[in-house]
Amino acid sequence: MYRPDLADIAYWEIEIAGLTTVLPTREGKAGRADRGFIVVATGGHDVPVPHFSLDTAPPSRQLEQLGAIDRVVKLDALCYAGLDDRGDLVGHIGTMPPKLTGMPDALPKRLPAGYATTVPAGAHDGEDGDKTEPQRVRTSRGKSVVELQEWRSWNEITTEYADCYRHQLAALAQRAQPRWETEKLTEEFGEGIHSGATHTVWLLEEGDFTIEGPGADLVAAELNPQPLPPKLVLRPRADVSAKDTSFEVHLRYAGSEERLRYFIVPDQAPSTTVNRIGPLGEEL
C-alpha cells in the first residue's frame, strides 16, 4: 500500500485466513469473505498498526469489487483508493477526505479566546416585565478561514496531498513516535509480562513451540490448536529473587517459524510510570 506523499511503500496489508467476514459488493450488499486483515506501517509516518479487522474483508479485496486494481493507496484512517495499471483511479472505499484550503502556515500554540451572547431556549419575559438576561458563553473559536472542497481529479490529490494535509501528517508522525520507540525497545529487550498474568500468543497457523532461555523454567505454557486461530497461553511466575527472567518462544510452522522475545516482571518489582507530554497536553 502507498500514501500520496511518500514515494516508497507506506504500508503492508496482511490477510488473516480462516475467518468469516463481510465483503461489501459493488451493489451495496453485504457479501461474504474468508479472511480479515491487518494493515501495518513501514515506518514512523504512522502508528505501527493503523487498521485491522476480524469482521471485514481486506481493503484490497473490497477494491477488487470495483474493477482491476494494480495499486492500493491509503488516504486516511479508513479511506483506500484503488488504481489501475495506468495509475488512474478505479474507485475508493471509505469517505474521501476533502481538499482543505486556507490552512495557516503554522498552527497556533494556544486556542484563541472569545465569547458569544445567547439567550436560553424557551426563555420568556418574567411576570414583572423584566427580560431574561443574555448569557455570555465563552467559545474557543473565531471565524474559520479553512474551507472544505471536493478534489477535481486524482492527479490533484497526488500533487497537493502532502501540502494540503501537512499539519495533520506531522501530528500523526508525532503521535506515532512513542509507539515506534516501544516497538524498538520490544525488539531489543523483548515484551514484558507481569508475573501471575496470562499472556496469549496467537499463532499464524497450526504449529508447535518450544520455550528457551534463562527464564524458560519460570513459564507455564499451554497450546490450544482449536478453535482457529491456534493460540499459545503463557503463565509466567517469578519473584524479585530471579536474576534473569528473559525467555524466547520459538514457534514452528509447516514452512516457516517465529521467534518472540519476552521477560517477566517479577512480583513486588518496583515500577515507575512517566506521563508523556503530547500536542494536547499530558498523556497517560
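Bear in mind the structure is a predicted one, so any value in this text is a computation, not a measurement.
Counting only heavy atoms from C-beta outward, the side chains of Ile157 and Leu75 approach each other to under 4.5 Å. At a threshold of 4.5 Å between non-hydrogen side-chain atoms, the residues Leu83 and Val90 do not count as touching. Within the 4.5 Å cutoff, no side-chain heavy atoms of Pro229 are placed close to those of Glu205. In this structure, the side chains of Ile193 and Val265 stay at 4.5 Å or more apart for every pair of heavy atoms. For the pair Val240 and Asp267, the minimum side-chain heavy-atom distance is 4.5 Å or more. The side-chain heavy atoms of Val73 and Leu89, taken from C-beta on, include no pair separated by under 4.5 Å. A heavy-atom distance below 4.5 Å is not found between the side chains of Ile264 and His194. Put simply, the side chain of Pro59 reaches to within 4.5 Å of the side chain of Ile93, judged on heavy atoms.
Atom CG of residue Leu223 and atom NZ of residue Lys231 lie 11.0 Å apart, to the nearest 0.5 angstrom. A distance of 10.5 Å separates CG in Leu260 from CD1 in Ile211, rounded to the nearest 0.5 Å. In this structure, OG in Ser53 is found 9.0 Å from CG in Leu19, a value given to the nearest 0.5 Å. How far CG of Leu251 is from CG of Leu204: 8.0 Å, rounded to the nearest 0.5 Å. The CG atom of Leu23 sits 9.0 Å away from the CD atom of Glu64 when rounded to the nearest 0.5 Å. Here the CG-OG1 distance, from Leu54 to Thr21, works out to 9.5 Å after rounding to the nearest 0.5 Å.
In the hydrophobic clustering of ILVMFWY residues, with side-chain heavy atoms under 4.5 Å counting as a link, Val49 and Ile16 come out together. At a threshold of 4.5 Å between side-chain heavy atoms, the hydrophobic network of Ile, Leu, Val, Met, Phe, Trp and Tyr places Met103 and Trp151 in one connected group. When hydrophobic clusters are built by joining Ile, Leu, Val, Met, Phe, Trp and Tyr residues whose side-chain heavy atoms come closer than 4.5 Å, directly or via intermediates, Trp202 is not grouped with Val249. With hydrophobic clusters built from ILVMFWY side chains whose heavy atoms lie under 4.5 angstrom apart, Phe209 does not share a cluster with Phe263. Leu78 and Leu148 are assigned to two separate hydrophobic clusters, defined by single-linkage of ILVMFWY side chains at heavy-atom distances under 4.5 Å.
Residues forming a side chain to side chain donor-acceptor pair (under 3.5 Å) with Arg32 (at least two apart in sequence, or on another chain): none. For Ser256, the side chain to side chain contact (heavy atoms under 4.5 Å, CB included) partners two or more places apart in sequence, or in a different chain, are Tyr253. In this structure Tyr161 satisfies the ring pair (Phe, Tyr, Trp, His ring centres under 6.0 Å) test together with Tyr165, sequence neighbours excluded. For Tyr262, the ring pair (Phe, Tyr, Trp, His ring centres under 6.0 Å) partners are His199, Phe247, not counting sequence neighbours. Every residue two or more places apart in sequence or in another chain that forms a side chain to side chain donor-acceptor pair (under 3.5 Å) with Ser241 is listed here: Asp239. Listed by chain and residue number, Lys99, Glu147, Gln149 satisfy the side chain to side chain contact (heavy atoms under 4.5 Å, CB included) test with Thr101 (two or more places apart in sequence, or in another chain). Residues that satisfy the side chain to side chain donor-acceptor pair (under 3.5 Å) test with Thr158, not counting sequence neighbours, are absent from this structure. Under the rule for a side chain to side chain donor-acceptor pair (under 3.5 Å), the partners of Thr210 that lie at least two apart in sequence or sit in another chain are Glu212, Arg252.
The environment of Gln268 atom CD is sparse: at most 12 non-hydrogen atoms of other residues, nucleotides or ligands sit within 6.0 angstrom. Atom CZ of Arg259 is surrounded by more than 12 heavy atoms from other residues, nucleotides or ligands within 6.0 Å. Counting heavy-atom neighbours within 6.0 Å of Asp88 CG, excluding the residue itself, gives a total above 12. Within 6.0 Å of NE2 in His45 there are more than 12 heavy atoms belonging to other residues, nucleotides or ligands.
Residue pairs that meet the side-chain hydrogen bond (donor to acceptor under 3.5 Å, both in side chains) test with at least one member in residues 181-190, sequence neighbours left out, are Gln177-Glu181. For residues 215-230, the set of pairs meeting the salt bridge (charged side-chain N to carboxylate O under 4.0 Å, His left out) definition, not counting sequence neighbours, comprises Glu222-Arg235. The salt bridge (charged side-chain N to carboxylate O under 4.0 Å, His left out) analysis of residues 33-56, with sequence neighbours excluded, yields the pairs Glu15-Arg35. Sorted by first then second residue, the side-chain hydrogen bond (donor to acceptor under 3.5 Å, both in side chains) pairs that include residues 72-85, not counting sequence neighbours, are His51-Tyr80.
Smallest separation of non-hydrogen atoms from Cys79 and Gly94: SG-O, 4.1 Å. Nearest approach of Leu234 to Ala221, heavy atoms of both residues: CD2-CB, 3.8 Å. Heavy atoms only, all atoms of each residue included: Ala238 and Ser195 are closest at N-OG, 2.9 Å. The two residues His92 and Leu66 make their nearest non-hydrogen contact at N-CD1, 3.8 Å. Val219 approaches Gly215 most closely through the heavy-atom pair CG2-O, 3.6 Å. The heavy-atom pair separating Ala41 from Pro50 by the smallest distance is N-CD, 4.0 Å.
Judged purely by atom type and a 3.5 angstrom limit, Thr42 uses its side chain to pair as donor or acceptor with the backbone of Ala10. A donor-acceptor pair under 3.5 Å is formed between the side chain of Arg166 and the backbone N or O of Asp163.
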- Message: One pair to check against side chain to side chain donor-acceptor pair (under 3.5 Å): Glu13 and Ser60. What are the steps and the verdict?
- Response: CA-CA 8 Å; Glu13 179 192 74; Ser60 62; 2.5 Å; yes
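Geometrically, Arg71 engages Tyr2 in a cation-pi contact, judged by NZ or CZ lying under 6.0 Å from the ring centre and within 45° of the ring axis.
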